[in-house]
Amino acid sequence: MKAVNIVSALIFAGVSSAQTPAGFTPIVAEKLEVTFGTKNIATGGQAMTKAETSRQPTIGISGPANQTYVWMLIDLDASTNFANPRAGQPATYLHTVLRDFKATGAASGDGVTTLTTTANGPVAWFAPQPPAENPPHPHRYTNLLWEQPVNWQIPSAANTMLQNQRLGFNVTNFITAAGLSNPIAANYFNVTG
Ligand SMILES: *[C@@H]1O[C@H](CO)[C@@H](O)[C@H](O)[C@H]1NC(C)=O
Ligand SMILES: *[C@@H]1O[C@H](CO)[C@@H](O)[C@H](O)[C@H]1NC(C)=O
């Protein structure tokens with residue numbers, strides 16, 4: 001019985017893909033539940049509208065969540081030229097970083113534990129608002145969740161990135177500067193301008 005379970009677990013692992021977009025590093029295997037109003041991002045790359053994503057989503061993870069967490073939203077498909085995107089270079093843009101997320105209670109029937117925070121930063125909610133482009137250009141809005149270190153004080157180099165380097169944001173460099181481990185959960189949705 002045990003062997004069968006292991007085999008099916010392996011098969012399952014084989015078909016389930018990363019929760020981060022192709023080519024993005026670090027690769028994250030666990031799904032972050034991201035829900036705008038009542039609309040859940042069921043699979044990575046799900047198309048959403050600007051109107052649907054205008055308000056901050058609810059997030060959650062599977063299983064117990066007894067830590068404190070940091071959530072980040074980045075656009076992988078911004079341009080260094082917002083007014084005329086095709087005239088610029090592709091660039092990552094940092095939208096939001098909120099800290100101090102904790103479980104609100106026990107996991108619900110589907111095994112998901114909702115996480116909430118009263119923090120409004122270090123980078124307040126900034127909704128997806130990609131500019132119109134011809135041809136239309138889907139932007140991959142990528143959500144990352146980290147375990148927040150105990151008594152986390154954001155080092156000044158990391159804070160500089162958050163406040164002054166939002167365009168051209170480099171997640172790998174931020175992880176190092178901020179003293180974080182790799183993200184534990186991720187998900188992404190697409191919005192087209
Ligand atoms: C969280 O839960 C895990 C597994 O249940 C346990 O090993 C760990 O010690 C807990 N951590 C805290 C900070 O309570
Ligand atoms: C982030 O910076 C590192 C060097 O510190 C570089 O190797 C990597 O390509 C950069 N990532 C992106 C997405 O630009």
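When a residue number appears, it is its place in the shown sequence, counting from 1. Just so you know, ligand 1 is whichever comes first in the structure, and atom 1 is the first atom listed for that ligand. Computed from a predicted model, the values in this text were never measured in an experiment.
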*Measure from atom 12 (C) of ligand 2 to the protein's non-hydrogen atoms and state whether any distance is below 4.0 Å.*
yes
*In terms of residue, atom name and distance, what is the protein heavy atom nearest to atom 14 (O) of ligand 2?*
N170 ND2, 3.7 Å
*What are the two closest non-hydrogen atoms of M161 and A177, and how far apart are they?*
SD-CB, 4.2 Å
*Protein heavy atom under 4.0 Å of atom 2 (O) of ligand 2*: yes
*What pair of heavy atoms forms the shortest contact from T192 to P138, and how long is it?*
OG1-CA, 3.4 Å
*asked:* Angle between ring planes, W125 versus F36, binned at 30° and 60°: parallel, tilted or perpendicular?
replied: tilted
*Can K31 and E33 be counted as an ion pair, charged N to O under 4.0 angstrom?*
yes
*Do me a favour and list the nearest non-hydrogen protein atom to atom 4 (C) of ligand 2 with residue, atom name and distance?*
N173 OD1, 3.9 Å
